[in-house]
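So the structure is just underneath, and the comments pick up after that.
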Amino acid sequence: MKIIMKKRFEYKDLPDMNEIRSQIDKVAAHTTIGETLFFKKYGVKSEAEFKRKAMKEGYISKHSHIGWNSWDETAKNVEYIYNELERRGSYITRMGFIFDWVMGVPEEYRSKLQPGTGLIFKNPDEWKAIGQIAPIQPHMSDHMIGCPNALENAKLALEAGVTSIGNVSHYFTYEYPGLELERERTINSLLGFGLMGKFEGTIVHSNLDDGYGNQFHDLANLTGWTMIERYLVEELLGASMTFAYGNLFSNPISRIVFNMACDATNVKGTPGTMTFGNTIDYGLDFSRNYGALCNFSLADAICQRHKPTGHAVASVPVSEACRIPTPDEIIDGHLCIDMMIEKSKFFEPFIDWSRIEAERDILLACGRVFFERVMNGLEDLGVDIKHPGEVFAALKAIGAEQLEVNFGVGKKEKAAMRGREPVKPTDIVKTLQDKQRKVFASIGHIDRELESMKVLVGTTDIHDYGKEMIKSMLNVAGADVFDLGTYVTAQEIIENLMETESKVVVISTYNGIALSFAKELVKLLNKNGMDDVVIMMGGLLNENMDGSMLAADVTEEVKALGINCDNLMETIVPTVKKIYKGEYVR
């Protein structure tokens with residue numbers, strides 16, 4: 001076993017768990033769960049209490065995620081969505097608020113981060129008001145816990161009446177470029193999870209798609225990973241947790257199978273938060289997106305009818321792939337899935353559940369093997385597997401790829417990705433392979449087209465699927481590819497350009513900072529005399545402009561800086577070739 005540990009700090013120096021638990025007790029003694037309008041309406045004290053009642057009655061919850069960056073706009077739109085759905089005979093049970101990444105760090109560090117397009121609470125009153133807009137239960141996930149500001153966020157959220165808070169998976173993948181707070185992040189995450197464990201009805205949420213779920217290639221290993229997260233949060237920290245998934249599940253049957261696998265290890269019977277919509281199949285054609293919306297929501301509703309787990313069915317507006325949706329588009333999505341929920345009752349009795357359960361059992365059996373292998377491997381590396389902080393930090397230092405290569409359950413196969421044939425390949429792996437084949441078919445023979453040509457690739461955030469496809473294509477073309485990973489900064493790009501002498505940088509971005517990032521990068525290129533370097537930027541080129549509440553397309557503004565914004569996979573190889581041959585014109 002050859003594992004490279006990329007430690008961010010010495011985790012053996014973490015406080016012992018007696019000290020951590022003592023601090024949790026002190027904070028818990030001064031924390032009270034608030035009462036939201038939702039709790040008042042349904043006569044409950046937590047979302048978990050409501051969900052348990054709903055599951056018994058066959059009521060299927062519904063969910064939306066929203067991401068306006070102004071408190072006033074958020075409050076206005078939430079009230080409008082609730083009232084309009086009520087008027088049209090529909091409903092919404094819960095709403096996830098997308099917070100900006102600056103919320104993930106303590107106040108004194110926020111000026112060091114470029115604000116994105118998410119919501120930023122500016123004062124305690126906005127925290128307290130989140131559950132007082134309408135009788136929709138708020139859910140908080142992005143940059144809440146699993147981050148450097150986890151304890152403060154958890155306490156303020158609980159006091160606002162928010163009882164489902166995440167995100168465990170963010171600990172492993174979400175970053176704050178330019179800030180090195182990994183030790184603080186680990187301690188605060190333990191305190192945040194532990195604080196939630198002190199209150200009945202709270203749910204620690206983990207969206208697997210935001211963590212290693214989007215990096216594992218095998219669903220069997222991902223099932224084992226859920227056992228690892230559950231071990232850390234429930235067994236070692238005493239909280240109750242559940243898993244969200246769905247962004248990366250295109251196959252509707254896979255969604256049902258995976259839900260049932262997660263439920264099989266849910267010994268506390270903690271209700272689920274939500275299943276996310278399948279956004280793999282979302283593109284720029286809204287008519288096709290409606291088909292994807294119907295597909296995944298029908299499967300999720302069928303699953304909840306057969307084996308209620310409390311997971312809300314999520315409405316993903318058809319405009320999600322290209323911009324922040326409007327309130328009316330969110331409402332349209334809910335009206336669409338209402339029909340899927342209604343019709344699911346006709347499908348559920350005719351599903352061959354014995355086949356579903358057989359698939360579930362394969363994932364569970366293989367997942368347990370992965371869990372044991374990882375735990376044994378950590379002990380071999382000297383990690384105290386009874387100290388959750390050590391385990392969290394060690395798993396992050398190892399990374400998803402090494403975990404899967406060294407402890408994965410698939411049959412060893414030299415020609416396979418990561419050296420193993422997946423037991424059950426994830427939908428995103430299959431989708432990427434299909435997309436790559438289509439791109440390769442459209443561009444024809446590219447072997448050795450870019451031999452000895454150097455290219456830097458990276459992303460400004462966690463979304464790295466585009467980067468992985470580009471990297472694979474450039475490798476096939478024979479380029480020397482230097483992968484800077486996720487959350488790359490402009491300064492890191494400059495440093496790597498100096499080291500590698502590359503002439504091309506390919507950057508993918510989705511977190512609403514395209515123009516700001518481009519300006520900073522161009523400024524540094526000019527300052528360092530690198531005017532000949534060509535930047536290619538793709539993904540979602542948007543940003544909040546001039547105080548607007550919605551992110552605007554900034555493609556033309558980025559182009560005006562001299563950056564290539566073709567945003568087409570098919571053009572990358574020929575463009576890189578032109579650059580190195582001196583034939584490229586900006």
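Keep in mind that the numbers below use all heavy atoms, side chains included, and drop hydrogens, waters and symmetry copies. Note that the numbering runs from 1 along the sequence shown for the chain.
With respect to Glu10, the salt bridge (charged side-chain N to carboxylate O under 4.0 Å, His left out) criterion is satisfied by exactly one of Arg8, Lys7, Lys12: Lys7. Here the options are Val505, Leu561, Leu456, the test is side chain to side chain contact (heavy atoms under 4.5 Å, CB included), and the partner is Ile535; only Val505 passes. Of the candidates Thr186, Leu181, Ile187, Arg183 forms a side chain to side chain contact (heavy atoms under 4.5 Å, CB included) with just one, namely Ile187.
Using cut-offs of 30° and 60° for the angle between ring planes, the His170 and Tyr174 rings count as parallel. Between His65 and His139, the ring planes lie tilted relative to each other; the angle falls in the 30° to 60° range. Using the six-membered ring where Trp is involved, Phe38 and Phe50 have ring planes that are perpendicular, over 60° apart on the 30 and 60° scheme. Relative orientation of the Tyr212 and Trp225 rings is tilted, given thresholds of 30° and 60° on the angle between their planes. In this structure, Tyr176 and Trp101 have tilted ring planes: the angle between them lies in the 30° to 60° band.
Using a distance-only test at 3.5 Å, with no hydrogens or angles considered, no donor-acceptor pair links the side chain of Asn149 to the main chain of Glu152. Distance alone, capped at 3.5 Å, places no donor-acceptor pair between the Asn221 side chain and the Glu404 backbone. Counting only distance, with no hydrogens or angles, the side chain of Asp483 and the backbone of Lys471 share no donor-acceptor pair below 3.5 Å. A distance-only check finds no donor-acceptor pair linking the side chain of Glu234 to the backbone of Asn266 [under 3.5 Å]. Between the side chain of Lys62 and the backbone N or O of Ile92 there is no donor-acceptor pair closer than 3.5 Å. Not one N or O on the side chain of Glu159 forms a donor-acceptor pair closer than 3.5 Å with the backbone of Ile33. Side-chain atoms of Glu557 do not come within 3.5 Å of backbone N or O of Leu515 as any donor-acceptor pair.
The ring-ring contact (aromatic ring centres under 6.0 Å, His included) search around Phe407 returns none, not counting sequence neighbours.
Judged by the 6.0 Å and 45° rule, Lys396 forms a cation-pi pair with Tyr171.
Within 6.0 Å of the CD atom in Glu499, the count of heavy atoms belonging to other residues, nucleotides or ligands does not exceed 12. No more than 12 heavy atoms of other residues, nucleotides or ligands shown are found within 6.0 angstrom of NZ on Lys523. Annotation for Phe482: atom CZ counts as buried by contact number, over 12 foreign heavy atoms lying within 6.0 Å. Residue Glu35 places its CD atom among more than 12 non-hydrogen atoms of other residues, nucleotides or ligands, all under 6.0 Å distant.
Ring centroid separation for the pair Phe249 and Phe296 does not come in under the 6.0 Å cut-off.
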Quiz: residues 188-197 side-chain donor-acceptor pairs under 3.5 angstrom, not counting sequence neighbours:
unit_1: Asn188; atom_1: ND2; unit_2: Pro148; atom_2: O; d: 3.4
unit_1: Asn188; atom_1: ND2; unit_2: Glu184; atom_2: O; d: 3.0
unit_1: Ser189; atom_1: OG; unit_2: Gly146; atom_2: N; d: 3.4
unit_1: Ser189; atom_1: OG; unit_2: Arg185; atom_2: O; d: 2.8

Item checked: Verdict with reasoning, Arg94 to Ser164, per side-chain hydrogen bond (donor to acceptor under 3.5 Å, both in side chains) -> CA-CA 10 Å; Arg94 65 198 314 277; Ser164 64; 2.9 Å; yes
Next item on the list: Could you walk me through whether Thr426 and His217 pass side-chain hydrogen bond (donor to acceptor under 3.5 Å, both in side chains), step by step?
Entry: CA-CA 6 Å; Thr426 62; His217 291 179; over 6 Å; no
Next item on the list: Go through the steps for Phe216 and Phe370 under the test ring-ring contact (aromatic ring centres under 6.0 Å, His included), then give the verdict.
Entry: CA-CA 12 Å; Phe216 283 143; Phe370 180 78; 5.8 Å; yes
Item checked: Test log, rule salt bridge (Lys or Arg N to Asp or Glu O under 4.0 Å), inputs Arg230 and Glu235 -> CA-CA 7 Å; Arg230 199 181 288 282; Glu235 190 168 332; over 6 Å; no
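In this structure, CG in Asp142 is found 8.5 Å from CG in Asn207, a value given to the nearest 0.5 Å.
Within the structure, no pair that satisfies the salt bridge (Lys or Arg N to Asp or Glu O under 4.0 Å) test touches residues 111-123, not counting sequence neighbours.
Here the side chains of Ser46 and Glu200 are not in contact, with every heavy-atom distance at 4.5 Å or above. Side-chain contact between Tyr487 and Thr173: absent, with no pair of heavy atoms (C-beta onward) separated by less than 4.5 Å.
Across all non-hydrogen atoms, the minimal contact from Trp71 to Ala129 is CZ2-CB, 3.5 Å.
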